[in-house]
Amino acid sequence: MARHAILGNGSLTVGLDEHGLVHDFYYPYVGQDNLTNSRNTEHKIGIWIDGIFSWVNDGSWDISVDFRDDALIAHISYTQHDLGVHIQTEDFVHPYADAFCRRLAVTSLLPGEREVRVFMHQVFEISRDGRADTAMYVPDGNYIYDYKGKVCLVASGVDEENNSFDQYAVGNYGIEGKEGTFRDAEDGELSGSPIEHGGVDSVMRFCKKLTEGQSLYFDYWITAAETQIEAERTHQTFLSDGMQKQRDRTLAYWQKWLEPAQDQLSSLSPVHKSAAQKSLLLIKAHIDKRGGILASCDSSIYNYGRDYYSYVWPRDGAFAIWPLLRLGFIEEAQNFFKFCANILTPGGYVMHKYQPDGSVGSTWHPLVHNHHKELAIQEDETAIIIYMLYEYLQQTGDKSFVSGLYDSLILPATNFMCDFIDDATGLPHASYDLWEEKFLTSTYTVSIVYGAMLAASEISKALGKEDAGKWATSAQKLRQGFGSLFNESTGAYRKGILLQEDGSLGFDDTIDISSLFGMAMFAAEEESKAPTMRTLETITDKLLDKTPSGGLPRYTHDRYFASDPPYFGNPWFVSTLWLAQVQMHYGMADEAKKLVNWTLNHTLPSGVLSEQIDPTNGEIKSVAPLIWSHAELINTLLDLSKK
């Protein structure tokens, strides 16, 4: 459950679990092909001392997992008091080579000389079905080689005296009644079996005699490439140059990457700055170098759900881009917008979600509703892309880049929004809401479509195009239908409306934070301030801090990952931080600060934010990290610093 650190370089992404062990290993796209057997086991680390063996995840170890706030470099501490041993690791994915690197220091804590044996275990499932992989020991180069097709992995390591592992074993994992080769390590000796195919795993051993306070230092790595030659080339570079150099290059890379944000982040308190930088690093770790931004690389949800969160939702990606733009990160935004232009359908809209290679992702949205053909889309996802492109233009003044996307993205998407209107209401035709659950014309979708039409009009005007007036007129016509979205009796904007067969309107009066956020942030004008303020008061009164854990659910009676008791729903970080942003928008900075503090008090020890938490005990629910949560934390901290 949860990934306490995510390390990556836009091609290779590694997720470390609560034990600091490799549980996700994505390559060559961020979040697409998970090469580990993550539903069953992580890559293990074992210790044998004087005839006693222990895996670090057997429950007897004190473990802390953290990562730096100025680099995607993890620090993990393990202590086993009965064995009298401490392990410290420093882990990173190389920024210029597809390689996961781990530096380990194993220290004896008890008097006398003792032989310490450390076992590093690898288990990959490249073929996905555990039946077609090969793993072998390669004596020329002294490494373990896992491969299937165009995925080639080389695992090796050396100690501080440049000695390689002294024993190894390769065998079957999870097939034919075999648990795995990792069991071979538990007597302190490895068999030396050199090859196996099918479902496979492997173990290597490092060994040294230590007295109290002495340490065994060694470096360990797994390189990835399309061919064995390429993977071995990186391996040989590490052997010749040493891991200290690779670590220093990694630290320098991340510190340089963070430089554009430093002017603005310098105004934050040390605690807020650290949280913002960690959030930036986590967002970056989820950005594929080809432009896609993954919602979460935490695969643990697959153990109790039908699918991963490892998809590119255009909405989540756009919200992730927002704080990056505010802080001066341009390349990531450009690549994301190019990705969006490539996935836009001929009809001018984007689909529910995508793989990072641009292929359409899984969905539960049908093409038929009430026996009528409908688009299986969330229109807000198309709108937020256009809105964010205007943010890009405002932040950068880069007309050339935006102009290059005008015909392929801005024009068709905005024309689609202008045409996708019900004549009877003057509002957008029904689609699925941003929470991906209900088919209706949601207040949030109305507000972001309105904001996107105005944004597109401003872009057109800035570029000297002819569409500005038409799109501005469409936005104003849309605004005339806002009145049906507010419910006087509840004192809040509705979740939405649905045009019925007989031409009447069906109302969904669920109180939903997205309705408030959409109207306040994307459709705010003087005439809408009063209903927006009333909605703010209603949401605060009915939903905020109504559980032992505090925070705010998405809406009344939210049943997604429902807890027992369910209350109104689990608190979400996005919804809580959205409320804080609206509060600041209306001058309530002190109230917003309380919600920021609540958020920071409910992170994992490493600073990772989940999607939601249990309303009773505050334990994380769903994936962690969720990049959308971290994006909203940065935005809220930036807003707060200005107040």
Side-chain angles (χ1 to χ4, degrees), residues 286-287 291-296 307 309-322 333 335-356 358-367 369 374-392 405 408-421 427-453 455-456 478 495-496 512 514-515 517-518 521-523 554 574 578 611 626-628 631-632:
H286 284 74
I287 300 179
I293 303 177
L294 282 295
S296 178
D307 207 345
Y309 272 40
S310 297
Y311 291 99
V312 181
W313 275 267
R315 175 198 56 248
D316 291 50
F319 276 113
I321 283 297
W322 204 341
N335 289 340
F336 174 70
F337 292 130
K338 291 175 185 176
F339 180 92
C340 291
N342 288 332
I343 62 174
L344 193 73
T345 65
Y349 51 85
V350 293
M351 300 302 294
H352 181 187
K353 55 181 174 167
Y354 294 83
Q355 300 268 29
S359 57
V360 177
S362 63
T363 189
W364 47 91
H365 295 159
L367 290 166
H369 184 79
E374 298 287 357
L375 293 178
I377 66 169
Q378 300 159 227
E379 190 185 1
D380 68 272
E381 294 202 277
T382 301
I384 190 66
I385 296 168
I386 303 305
Y387 187 90
M388 213 52 62
L389 259 172
Y390 184 51
E391 285 289 318
Y392 173 90
L405 294 174
S408 62
L409 179 58
I410 300 166
L411 183 65
T414 310
N415 282 340
F416 164 75
M417 289 185 284
C418 291
D419 293 338
F420 198 60
I421 300 290
L427 296 175
H429 185 70
S431 65
Y432 292 90
D433 73 322
L434 84 161
W435 306 129
E436 308 168 87
E437 296 170 332
K438 291 191 174 183
F439 182 80
L440 78 172
T441 298
S442 73
T443 298
Y444 174 81
T445 297
V446 172
S447 59
I448 184 57
V449 168
Y450 170 79
M453 287 178 177
L478 188 69
K495 188 182 190 80
D512 189 322
S514 70
S515 301
F517 183 81
M521 297 304 178
F522 304 122
R554 295 183 296 176
V574 168
W578 270 5
E611 179 182 71
L626 181 73
I627 293 313
W628 193 0
E632 296 305 342

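All heavy atoms count here, side chains included; hydrogens, waters and symmetry mates do not.
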Considering all heavy atoms of both residues, which atom of K495 and which atom of S515 are nearest to each other, and what is their separation? CA-OG, 3.7 Å

Before you tell me yes or no, could you show the steps for S514 and R554 under side-chain contact (heavy atoms from CB on, under 4.5 Å), namely the whole-Å CA-CA distance, both residues' side-chain angles and the distance that decides it to 0.1 Å? CA-CA 7 Å; S514 70; R554 295 183 296 176; over 6 Å; no

Hits for side chain to side chain contact (heavy atoms under 4.5 Å, CB included) against S442, two or more places apart or cross-chain, chain-then-number order -> D433, L440, Y444, T445

With distance as the sole test, does T345 use its side chain to make a donor-acceptor pair with the main-chain N or O of V350 at under 3.5 Å? no

Please round to the nearest 0.5 Å and tell me the distance separating atom CG of L405 and atom CG of L411. 12.0 Å

CD of Q355 to CG of L294, rounded to nearest 0.5 Å, is 9.0 Å

Less than 4.5 Å apart, side chain to side chain, heavy atoms only: is that true for Y311 and S362? yes

Here the pair of heavy atoms bringing Y349 nearest to L375 is OH-CD2, 3.4 Å

Would you call the rings of F522 and Y387 parallel, tilted or perpendicular if under 30° counts as parallel and over 60° as perpendicular? perpendicular

Check the pair K353, D307 against side-chain contact (heavy atoms from CB on, under 4.5 Å), reporting the backbone distance first and the verdict last. CA-CA 13 Å; K353 55 181 174 167; D307 207 345; 4.0 Å; yes

Contact check, side chains of M388 and F336, non-hydrogen atoms, under 4.5 Å: no

Answer with yes or no whether the side chains of E374 and H429 bring together a donor and an acceptor at under 3.5 Å. yes

Do the side chains of F420 and V449 get nearer than 4.5 Å, heavy atoms only? no

Provide the closest heavy-atom pair for V446 versus T441 in the form atom of the first, atom of the second, distance. CG2-CG2, 3.6 Å

Quick one, L427 and I421 - any side-chain contact, counting heavy atoms below 4.5 Å? no

If you measure from CG on L344 to CD1 on I410, what distance do you get to the nearest 0.5 Å? 11.0 Å

Do the non-hydrogen side-chain atoms of M417 and P428 ever get within less than 4.5 Å of each other? no

Exercise: identify the closest heavy-atom pair between A523 and S447: CB-CB, 4.1 Å

Mind listing the side-chain donor-acceptor pairs of residues 312-320 below 3.5 Å, one per line with the distance, residues two or more places apart or on another chain?
from, atom 1, to, atom 2, distance (Å)
W313, NE1, H352, NE2, 3.4
W313, NE1, E436, OE1, 2.6
R315, NH1, L434, O, 3.0

Nearest non-hydrogen partners of F337 and L409, listed with the distance: O-CD2, 3.9 Å

Is there side-chain contact between I377 and F416, with at least one heavy-atom pair below 4.5 Å? yes

Which distance, rounded to the nearest 0.5 Å, do you find between the CD1 of I448 and the OG1 of T443? 13.5 Å

Between CH2 on residue W364 and OH on residue Y432, distance to nearest 0.5 Å: 11.5 Å

How far does CG of D380 sit from CH2 of W435, to the nearest 0.5 angstrom? 9.5 Å

Considering all heavy atoms of both residues, which atom of F339 and which atom of G292 are nearest to each other, and what is their separation? CD1-N, 3.7 Å

Carefully, step by step, assess T363 and M351 under the rule side-chain contact (heavy atoms from CB on, under 4.5 Å). CA-CA 9 Å; T363 189; M351 300 302 294; over 6 Å; no

